[in-house]
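Notes follow the structure.
Just so you know, ligand 1 is whichever comes first in the structure, and atom 1 is the first atom listed for that ligand. No experiment lies behind these values; they were computed from the predicted model shown.
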Amino acid sequence: LTYPCDKLTNVTPSILSKTTCRLYLQPYHPISILRNHIESHFDKFHYFNSFSPVVTTVQNFDELGFPADHPGRSTSDSYYINNSIMLRTHTSAHQRQAFQTGTEKFLISADVYRRDEIDTCHYPVFHQMEGAQIFSINKAVEEITYDMQKTASQQNHFINTYDKTAISSTNPVQPCHPVEAVNATISHLKYSLNELVRKLFIDEQNLQVRWVDAYFPFTSPSWEMEIFYQEKWLEVCGCGVINQDILNNAGQPDKIGWAFGLGLERIAMVLFNIPDIRLFWSKDPRFINQFTSNEIIKFKPFSKYPSCIKDLSFWMNNDKEHEFHITNFCEIVRDIAEDLVEDVKLIDDFKHPKTKKRSLCFRINYRSMD
Ligand code: DAH
């Protein structure tokens with residue numbers, strides 16, 4: 001397919017070349033192994049694995065209730081093919097399509113695209129898995145009780161879970177939802193995700209998990225789930241009770257349900273011990289050949305070069321129309337230096353006392369993975 005370009009077009013050939021890779025479907029790729037594990041946990045769900053990464057801005061934003069001025073819509077955050085067509089920034093873009101098929105529980109795995117800064121855990125393409133399950137509003141309590149009894153945990157692996165979240169006016173229940181139905185939906189959501197984490201991290205001793213309140217335009221109440229890894233809390237998942245408008249518009253007005261979006265790289269980096277997100281794109285046999293079955297195994301590093309630092313500074317243009325965004329700069333760095341760059345940090349921000357001109361200095365760390 002060809003699309004006309006316009007003022008918003010900001011996709012580059014190198015980004016477009018990633019849209020055909022589909023790492024999440026490549027046999028024995030860590031992202032695909034992880035997808036398989038999660039799919040086997042959500043048994044009897046419908047798995048959507050071939051939605052196109054090219055979506056309309058309506059699918060990616062409007063249908064999900066993003067306001068017109070939401071920062072996610074800006075060309076410094078998202079990849080536009082033109083004013084109305086873009087690369088999806090999240091798997092939630094397909095929620096409506098999925099619900100419209102009539103399914104009551106599904107997973108959607110896909111590559112998603114965001115303009116971002118460069119470091120060891122950010123890459124302009126990554127993978128997400130969207131999950132959702134809906135119940136009859138009138139029979140939610142019975143349906144959920146039955147489901148939870150049926151799937152009651154057989155596991156005795158222990159994890160520390162902290163949950164100090166609370167329903168409040170800043171993270172409210174939707175007025176259209178009966179209290180019992182929404183409470184049952186919330187416990188089912190938290191139970192399903194806690195069980196998933198417990199299963200995935202069966203070999204991690206003393207794993208710590210916490211729930212924090214969050215905000216998303218398409219859920220209320222909303223939360224994030226974080227895991228403690230290498231001395232910091234990593235956000236691995238956003239979730240919540242689906243905004244009723246979404247279900248109404250998808251032809252499911254008598255249902256209530258939950259949804260989540262998992263970041264697959266974050267989880268795979270922890271599980272497989274993969275230290276740098278660029279490795280997922282490596283074609284080096286020393287990487288690929290370490291994964292030859294559907295098992296989760298620890299990656300063995302095969303190469304570590306010292307960093308090679310180059311500092312780059314430049315004067316900024318003062319006019320509003322050419323406002324500087326670090327993501328634009330990072331895009332140029334990735335285009336020119338490709339995956340040789342491990343991270344980019346702003347190390348100085350200078351304003352000339354007399355001329356008032358501003359200059360920035362970036363430290364670019366080149367380190368080959370191979
Ligand atoms: N789409 C969100 C993101 O990419 C993640 C997310 C949050 C997905 C809440 C959901 C959800 O389905 O209910 O940041």
Go through Asp119 and His122 one step at a time and tell me if the side-chain hydrogen bond (donor to acceptor under 3.5 Å, both in side chains) criterion holds.
-> CA-CA 5 Å; Asp119 64 33; His122 287 92; 3.0 Å; yes

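Checking Val197, Asn160, Leu200 one by one against Leu207, the side chain to side chain contact (heavy atoms under 4.5 Å, CB included) holds for a single residue, Val197.
Screening residues 199-221 for ring-ring contact (aromatic ring centres under 6.0 Å, His included) gives Phe66-Phe218, His90-Phe218, Phe216-Phe218 as the qualifying pairs, with residues at least two apart or on separate chains.
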Between ligand 1 and the protein, which N/O pairs are shorter than 3.5 Å?
{"residue": "ligand 1", "atom": "1 (N)", "partner": "His90", "partner atom": "ND1", "Å": "2.9"}
{"residue": "ligand 1", "atom": "1 (N)", "partner": "Ser92", "partner atom": "OG", "Å": "2.9"}
{"residue": "ligand 1", "atom": "4 (O)", "partner": "Arg114", "partner atom": "NH2", "Å": "2.8"}
{"residue": "ligand 1", "atom": "4 (O)", "partner": "Gln128", "partner atom": "NE2", "Å": "2.9"}
{"residue": "ligand 1", "atom": "12 (O)", "partner": "Gln95", "partner atom": "NE2", "Å": "3.4"}
{"residue": "ligand 1", "atom": "12 (O)", "partner": "Glu130", "partner atom": "OE2", "Å": "2.6"}
{"residue": "ligand 1", "atom": "12 (O)", "partner": "Phe260", "partner atom": "N", "Å": "3.4"}
{"residue": "ligand 1", "atom": "12 (O)", "partner": "Phe260", "partner atom": "O", "Å": "3.3"}
{"residue": "ligand 1", "atom": "13 (O)", "partner": "Ala259", "partner atom": "O", "Å": "3.0"}

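Taking every heavy atom of both residues into account, Leu189 and Cys239 meet most closely at CD2-SG, 4.0 Å. In terms of heavy-atom proximity, Tyr123 sits nearest to Phe126 at O-CD2, 3.9 Å.
The aromatic rings of His188 and Phe135 sit perpendicular, their planes meeting at an angle over 60°, well past the 30° parallel limit.
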